[in-house]
Structures are given as structure tokens and as C-alpha cells.
Chemist: 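I'd like to ask some things about the structure below.
The analysis underlying the following values was restricted to heavy atoms, covering all of them including side chains, and did not include hydrogens, waters or symmetry mates. Please read all numbers here as calculations on a predicted model, not as lab measurements.
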Amino acid sequence: MIRTNNLKKVYTTEEVETTALNNINVEVKEGEFVAMMGPSGCGKSTLLNLLGLLDNPTDGEYYFFDHEVSDYSERQRANLRKSNIGFVFQSFNLIDELTVFENIELPLLYLGYSTSDRKGRVNEVLENMQIMHRKNHFPQQLSGGQQQRVAVARAVVARPKLILADEPTGNLDSAHGDEVMNLLTELNESGTAIVMVTHSPAYAEYSQRIIHLFDGHVVTENIKEGFHV
């Protein structure tokens, strides 16, 4: 599904050049659950942004379903993202002025689904996520765990092949964090590939493989016993 070849990202200002990622070679297969770990500033979120086609690398190659996409334009990246990738963020990124239903519906509006198709898909996800009773509430009326549940629902409503999660439990207590991790596990078991950035060793253990980054490099990979890449 995903393969990078010597991926590099450099940020340049008038005074300084910072190498955020250097010679990154990673692969994610369809249906795999991968966790990325490392200290703050090591390049985890930068790599997630590149994998999610939110940014282009400075150098190297990125293959998404065997298509080399490293030099795609923003329009090309956006088209690829819309139908293939869902995002879950630490800060939920819900729109306060929209109801739960409307927040989840948003990706389907961008994809041009009909009103009846949107309603059917959103209601299905609301049921699956056990938040149907909250569909007319606004984000500020929900707990943190409920908001993240809505964010996960929004990420999966278009049935993407890949979910990218950047510290999805970072703003949650342990009970709500466990709840979100169980949701991600269920999605993965249904066939969705997941790449998750986390600082938590306990939550990383939900994955099948852990990639450790340090100073913009992949330093180790731990594969769970019984799982083969």
C-alpha cells in the first residue's frame, strides 16, 4: 500500500536549514496496523503528513498503491486523499458550529455523495460507533472521549483504505484512551490499514509493528511475534 525510498524532508528559512527526516525507508501493507514512536521533534508527525499527502518530501520517492506520488501537485494529492485516507488528530478538529451528524457528513459532501447516500452512510457509522443518540449534539456538548469517537467516525465514513492517527489518545484519560484504541483495533480487524503516532508504549502494543524514529531516522522496528511483514 505504502512504500518510501530514501524519503527526506528539509525545512529552510533565511537563516537555518533543518532536516526533519533523512533517508526514511518504510513500508505499510494493506490491512496492517503500524505504530510510530520516538521523542518529541524526531519527525513522527512530519512523516505522517508526508504519508497522508498533506505535504511533499524534499527528496526521495513515495509510492502509494504503486504510484509514485512524491511530486504530485496539491490538487492531485487532495484527490488521492479524499477517497483513500482518513485522519484522526489529537485535538479532534471538529467544527463547533456543526452537529455531530454534520461533522461526520463533511467528507461525503466533498466527495459529492447524494443526500440519501450521505444520510445512509452517516447513520450507519453513528450506529457502529454507538453515538446515534448524540447525532444532534454539538461538539462542546460532548466529553473528550465522545468527541474523539465522532472524529474517528468522520475519518471512516468514506470507507478509506488507510487511517492516519496522530496521537489520537493524547488529550484523553486512560478510560477514554482505551475506548479509542479499541475502536481503531476493530477498524483494523475489518480490513482498514492504520498508521498511528503515539508516545504510549501501552497503546503502541495494539499495533502489529512498531517503528521507532530518532532525529529524523528510523532506528529500529519491532514486529510482534506471529506477525509477518
Chemist: Is there a side chain to side chain contact (heavy atoms under 4.5 Å, CB included) between I131 and I104? Walk through the geometry before answering.
Modeler: CA-CA 11 Å; I131 48 175; I104 297 171; 4.3 Å; yes

Chemist: Let me confirm one number: the CZ-OG1 distance from R134 to T99, rounded to the nearest 0.5 Å.
Modeler: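 The OG1 atom of T99 is 13.5 Å from CZ of R134, to the nearest 0.5 Å.
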
Chemist: Are any non-hydrogen side-chain atoms of L21 and P57 less than 4.5 angstrom apart?
Modeler: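 Result no, sub-4.5 Å side-chain heavy-atom pair not found.
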
Chemist: So do D166 and Q90 actually touch side chain to side chain, heavy atoms under 4.5 Å?
Modeler: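 When only atoms from C-beta onward are counted, D166 and Q90 do not touch, as no gap falls below 4.5 Å.
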
Chemist: Under 3.5 Å, side chain of R209 to main-chain N/O of N222, donor-acceptor pair present?
Modeler: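 Checked: no pair found.
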
Chemist: Side-chain contact test, heavy atoms from C-beta onward, threshold under 4.5 Å: evaluate it for P168 versus F89 and give yes or no.
Modeler: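 A side-chain contact under 4.5 Å is absent here.
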
Chemist: Working to the nearest 0.5 Å, report the span between CE of M196 and CE of M37.
Modeler: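 The distance works out to 8.5 Å.
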
Chemist: Please report the interatomic distance CE(M1) to CZ(F64), rounded to the nearest 0.5 Å.
Modeler: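 Rounded to the nearest 0.5 Å, the CE-CZ separation comes to 6.0 Å.
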
Chemist: Only one of Q140, K135, Q141 forms a side-chain contact (heavy atoms from CB on, under 4.5 Å) with H137, so which one is it?
Modeler: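 The passing option is Q141.
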
Chemist: What I want to check is whether the side chains of N23 and H217 have a donor and an acceptor closer together than 3.5 Å.
Modeler: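 No pair is found: no donor N or O on one side chain lies under 3.5 Å from an acceptor on the other.
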
Chemist: Can Y203 be reached from V152 by stepping across I, L, V, M, F, W or Y side chains whose heavy atoms are under 4.5 Å apart?
Modeler: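 Yes: a chain of side-chain contacts under 4.5 Å links V152 to Y203.
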
Chemist: Taking atom CG of D66 as the centre, does the number of heavy atoms from other residues, nucleotides or ligands within less than 6.0 Å exceed 12?
Modeler: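 No, the 6.0 Å shell around CG holds no more than 12 heavy atoms from other groups.
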
Chemist: Answer whether the closest heavy-atom distance between the side chains of T46 and K44 falls below 4.5 Å.
Modeler: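 In short, these two side chains do not touch, never coming nearer than 4.5 Å.
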
Chemist: In Å, rounded to the nearest 0.5 Å, how long is the span from CG of L47 to CD1 of I24?
Modeler: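 CD1 of I24 is found 6.0 Å from CG of L47.
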
Chemist: Using a 3.5 Å distance criterion without hydrogens, assess whether the side chain of Q148 forms a donor-acceptor pair with backbone atoms of G145.
Modeler: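 Checked: no pair found.
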
Chemist: Among the clusters formed by ILVMFWY side chains lying less than 4.5 Å apart, do V122 and L187 turn up in the same one?
Modeler: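 Same cluster.
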
Chemist: Are R118 and E105 ion-paired here, with the side-chain N under 4.0 Å from a carboxylate O?
Modeler: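 Looking at E105 together with R118, the answer is yes, because their closest N to O distance falls below 4.0 Å.
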
Chemist: Is NZ or CZ of R3 both nearer than 6.0 Å to the six-membered ring centre of Y63 and within 45° of the ring axis?
Modeler: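 R3 over Y63 ring: yes.
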
Chemist: Has F214 got more than 12 heavy atoms of other residues, nucleotides or ligands less than 6.0 Å from its CZ?
Modeler: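 Open.
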
Chemist: Looking at E167 and H199, would you say the former's side chain and the latter's main chain have a donor-acceptor pair under 3.5 Å?
Modeler: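 Present.
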
Chemist: A side-chain contact here means heavy atoms from C-beta on lying under 4.5 Å apart; do K82 and P107 qualify?
Modeler: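 No, their side chains stay 4.5 Å or more apart.
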
Chemist: Any sub-3.5 Å donor-acceptor pair from T192's side-chain atoms to N188's backbone N or O?
Modeler: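 Such a contact is absent between T192 side chain and N188 backbone.
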
Chemist: Side-chain donor-acceptor pair under 3.5 Å between N56 and D71, yes or no?
Modeler: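 No donor-acceptor contact under 3.5 Å links the two side chains.
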
Chemist: Following the transitive rule for hydrophobic clusters with a side-chain heavy-atom cut-off under 4.5 Å over Ile, Leu, Val, Met, Phe, Trp and Tyr, establish whether M181 and V197 coincide in one cluster.
Modeler: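 No, M181 does not connect to V197 through the hydrophobic network.
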
Chemist: Checking the side chain of N182 only, and the main-chain atoms of D178 only, is there a donor and an acceptor separated by less than 3.5 Å?
Modeler: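 Flag set: sc N182 to bb D178 pair under 3.5 Å.
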
Chemist: Do M36 and L213 make a side-chain contact, defined as non-hydrogen atoms from C-beta onward lying under 4.5 Å apart?
Modeler: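 Side-chain contact under 4.5 Å: yes.
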
Chemist: Between E17 (side chain) and T12 (backbone), is there a donor-acceptor pair under 3.5 Å?
Modeler: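 Here the side-chain-to-backbone pair does not exist.
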
Chemist: Answer yes or no: is there a side-chain heavy-atom contact under 4.5 Å between I2 and Y62?
Modeler: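 Side-chain contact under 4.5 Å: yes.
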
Chemist: For the pair R77 and E74, find out whether any cationic side-chain nitrogen is under 4.0 Å from an anionic carboxylate oxygen.
Modeler: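 Answer for the salt bridge query: yes.
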
Chemist: Looking at Q146, is its backbone amide N or carbonyl O close enough to the side chain of S143 to form a donor-acceptor pair, meaning the two atoms are under 3.5 Å apart?
Modeler: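 Yes, S143 side chain to Q146 backbone: donor-acceptor pair under 3.5 Å.
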
Chemist: Looking only at heavy atoms, what is the nearest atom pair of Y206 and F33, with distance?
Modeler: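 Between these two residues, the closest heavy atoms are O-CD1, 3.8 Å.
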
Chemist: For E61, give me all partners under salt bridge (charged side-chain N to carboxylate O under 4.0 Å, His left out), at least two apart in sequence or on another chain.
Modeler: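 Partners of E61 by the salt bridge (charged side-chain N to carboxylate O under 4.0 Å, His left out) criterion come out as none, since no residue qualifies.
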
Chemist: Quick one: closest heavy-atom pair of A35 and S207, and the distance?
Modeler: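 Closest approach of A35 to S207, heavy atoms only: CB-OG, 3.5 Å.
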
Chemist: Is there a side chain to side chain contact (heavy atoms under 4.5 Å, CB included) between F92 and L172? Walk through the geometry before answering.
Modeler: CA-CA 11 Å; F92 316 139; L172 304 176; 3.9 Å; yes

Chemist: State whether the side chain of E205 and the backbone N or O of A202 hold a donor-acceptor pair below 3.5 Å, judged by distance alone.
Modeler: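 Flag not set: sc E205 to bb A202 has no pair under 3.5 Å.
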
Chemist: Please list every donor-acceptor pair under 3.5 Å in which a side-chain atom of residues 156-165 meets a protein atom from a residue at least two apart or in another chain.
Modeler:
from: R159; atom 1: NH2; to: E124; atom 2: OE1; distance (Å): 3.0
from: K161; atom 1: NZ; to: N84; atom 2: OD1; distance (Å): 3.3

Chemist: If you group Ile, Leu, Val, Met, Phe, Trp and Tyr by side-chain heavy-atom gaps below 4.5 Å, do I211 and I223 land in one group?
Modeler: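 I211 and I223: separate clusters.
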
Chemist: I'd like to know if the side chain of T198 reaches the main chain of S200, judged simply by a donor and an acceptor atom lying under 3.5 Å from each other, with no hydrogens or angles considered.
Modeler: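 Yes, because the side chain of T198 sits within donor-acceptor range (under 3.5 Å) of the backbone of S200.
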
Chemist: From L94 CG over to N103 CG, what is the distance, rounded to the nearest 0.5 angstrom?
Modeler: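 Those atoms lie 5.0 Å apart.
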
Chemist: Treat each ILVMFWY residue as a node, draw an edge where side-chain heavy atoms are under 4.5 Å apart, and state whether F65 and V34 are in one component.
Modeler: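 Looking at the clustering, V34 is in the same group as F65.
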
Chemist: Please report the shortest heavy-atom distance between S70 and G60, naming the atom on each side.
Modeler: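 Scanning both residues, the minimum pair turns out to be OG-O, 3.5 Å.
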
Chemist: Do P139 and V150 come close enough that some side-chain heavy atom pair is under 4.5 Å?
Modeler: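 P139 does not reach V150 side chain to side chain.
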
Chemist: Mind running side chain to side chain contact (heavy atoms under 4.5 Å, CB included) on L80 and V69 for me, showing each step along the way?
Modeler: CA-CA 10 Å; L80 206 54; V69 299; 3.8 Å; yes

Chemist: Kindly compute the distance separating CG (L111) from CG (N79), expressed to the nearest 0.5 Å.
Modeler: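 Spacing of CG (L111) from CG (N79) equals 9.5 Å.
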
Chemist: Quick check: does any side chain N or O of T4 sit under 3.5 Å from a backbone N or O of L7, one acting as donor and the other as acceptor?
Modeler: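 Judged by distance alone, no pair lies under 3.5 Å.
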
Chemist: Would R81 and L54 satisfy side chain to side chain contact (heavy atoms under 4.5 Å, CB included), going step by step from the backbone distance to the final call?
Modeler: CA-CA 8 Å; R81 280 196 308 269; L54 296 173; 3.7 Å; yes

Chemist: For Y110, look at atom OH and say whether over 12 heavy atoms of other residues, nucleotides or ligands are found less than 6.0 Å away.
Modeler: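 Open: at most 12 neighbouring heavy atoms sit under 6.0 Å from OH of Y110.
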
Chemist: Using side chain to side chain donor-acceptor pair (under 3.5 Å) as the criterion, point out the one residue from D59, T19, D55 that pairs with K9.
Modeler: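 It is D55; the other options fail the test.
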
